[in-house]
Amino acid sequence: MSDAIVEVKHLKKYFQVKNGLLHAVDDVNFVIPKGTTMGLVGESGCGKSTIGRLILRLTEATEGEILFEGQDIRKLNKKDMRQMRQKIQMVFQDPTLSFNPKMNIRDIVCEPLMNFKKIKKSEKDAVCRKLLEMVELPGDFADRYPHNMSGGQRQRVAIARALALEPEIVVLDEATSALDVSVQKTVIELITKLQREKNITFGFICHDIALVQLVAHQVAVMYLGNLVEVLPGKDLDMKAMHPYTRALMGAVFDINMDFSKPIESIESEAPSPLDLPQGCPFQGRCEHCMDICKKENPKLVEVEDGHSVACHLFQKGSK
Ligand code: SF4
């Protein structure tokens with residue numbers, strides 16, 4: 001496996017809100033190898049977007065380490081962090097929120113280069129055309145404005161802008177979620193092509209496990225601030241073990257144990273993140289819940305190379 005580009009250790013983010021302390025991210029650990037795609041999947045509000053923002057330090061963590069090429073970015077001062085942001089870029093679900101509607105595509109795509117690299121105005125057109133070409137858009141789109149483009153085209157512009165500074169990692173936060181299925185597919189193909197050509201690392205945050213499976217080398221499943229399973233994307237169908245992962249996939253729970261009832265969907269609502277039960281946070285929705293599940297939150301333990309699960313069903317000594 002390639003070298004780690006990002007390593008997250010014991011990452012926590014708690015938000016003080018009116019009714020208590022919200023555990024958005026609770027002691028999360030993972031590694032993203034360079035040049036690969038890590039998919040982060042889970043229901044809305046599970047903390048996956050918060051993790052994306054923590055990696056870019058758009059939100060400050062409560063505790064833990066975020067190592068980028070071995071350096072803890074939480075220890076960087078403002079000036080050094082600004083430089084570091086050239087290497088770590090993010091693309092959001094709705095790119096128009098970060099686009100100035102009065103700017104044309106040339107100015108939007110070249111904005112990071114004007115800020116960081118001080119390129120000359122005369123160079124902008126050629127640079128923009130090259131970046132548009134990279135995301136398979138015609139060069140004359142440089143003169144357009146965001147409102148003259150489709151959602152898929154705007155998302156390609158957002159990716160072109162994120163690539164302008166030649167980042168090492170791009171975090172896509174639900175970047176394909178608002179697009180039609182066929183457009184989603186073309187954006188996924190684009191990501192795969194860019195990775196092959198430029199060895200870019202991608203963080204792919206998405207609520208759709210089927211889509212994540214298409215693109216991610218490694219999939220991390222989150223539930224209420226906890227990582228509950230990490231496994232190779234190619235193994236999701238056959239090897240996913242955690243009841244929540246299986247439920248997300250709408251699959252039949254069958255791992256040669258006596259769990260005869262199929263899990264077709266997740267019946268009940270998740271508990272409030274402000275009022276989590278003691279023990280496993282999934283207990284109220286899990287048909288395999290045991291006594292120990294109500295006492296101890298299971299740790300993420302490796303079950304085989306590259307595959308870890310946080311569930312008492314798979315931890316030695318559980319009853
Ligand atoms: Fe279900 Fe217990 Fe596993 Fe939680 S730890 S997912 S409650 S079996």
Side-chain angles (χ1 to χ4, degrees), residues 8 10-14 20-30 38-48 50-51 205-210 212-213 216 218-233 235-319:
V8 160
H10 302 294
L11 189 63
K12 296 181 185 173
K13 178 63 190 177
Y14 301 156
L21 199 59
L22 192 152
H23 292 215
V25 175
D26 214 354
D27 202 2
V28 161
N29 300 275
F30 60 81
M38 172 162 154
L40 197 51
V41 68
E43 291 164 291
S44 171
C46 68
K48 56 191 189 302
T50 304
I51 289 190
I205 298 171
C206 185
H207 64 274
D208 182 345
I209 199 163
V212 169
Q213 186 179 18
Q218 179 187 214
V219 176
V221 183
M222 274 198 90
Y223 186 73
L224 287 172
N226 294 260
L227 271 194
V228 297
E229 186 158 16
V230 180
L231 76 167
D235 290 345
L236 255 176
D237 271 340
M238 300 303 291
K239 293 191 174 176
M241 293 164 90
H242 195 283
Y244 179 61
T245 314
R246 302 296 314 177
L248 275 183
M249 297 175 73
V252 176
F253 191 62
D254 176 20
I255 47 158
N256 304 322
M257 296 168 80
D258 186 19
F259 303 124
S260 51
K261 280 170 90 179
I263 302 175
E264 294 296 347
S265 63
I266 310 175
E267 293 290 322
S268 53
E269 291 287 314
S272 160
L274 286 170
D275 188 23
L276 290 177
Q278 185 187 345
C280 173
F282 192 59
Q283 62 185 265
R285 306 169 89 184
C286 179
E287 61 182 327
H288 309 291
C289 183
M290 304 170 284
D291 284 348
I292 191 170
C293 306
K294 296 180 182 167
K295 294 180 196 141
E296 288 175 26
N297 192 1
K299 291 199 183 333
L300 198 64
V301 293
E302 192 164 71
V303 287
E304 64 178 314
D305 199 25
H307 186 177
S308 305
V309 190
C311 173
H312 288 300
L313 288 172
F314 310 107
Q315 300 197 344
K316 281 184 190 154
S318 291
K319 298 219 164 44

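This is a predicted model, so every value here is computed, not measured. Start at 1 and go down the list; that is how both ligands and their atoms are numbered.
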Beyond-backbone contact of Gln213 with Asp237, side-chain heavy atoms, under 4.5 angstrom = yes

inquiry  = Once side-chain contact (heavy atoms from CB on, under 4.5 Å) is applied, do any residues pair with Leu21, and if so which ones, sequence neighbours excluded?
reply    = Tyr14, Gln16, His23

inquiry  = So, using side-chain contact (heavy atoms from CB on, under 4.5 Å) as the criterion, who are the partners of Leu276 when residues are at least two apart?
reply    = Leu224, Pro271

key: Neighbouring protein N, O or S atoms of atom 3 (Fe) of ligand 1 [cut-off: under 2.8 Å, no waters]   = Cys311 SG

note = Distance col, row Asp26:CG vs Leu227:CG, nearest 0.5 angstrom, shows 11.0 Å

query = Just one of Leu236, Val230, Asp235 clears the side-chain contact (heavy atoms from CB on, under 4.5 Å) bar with Pro232, so which one?
reply = Asp235

request  = Would you please name every residue forming a side-chain hydrogen bond (donor to acceptor under 3.5 Å, both in side chains) with Thr245, sequence neighbours left out?
outcome  = Glu229

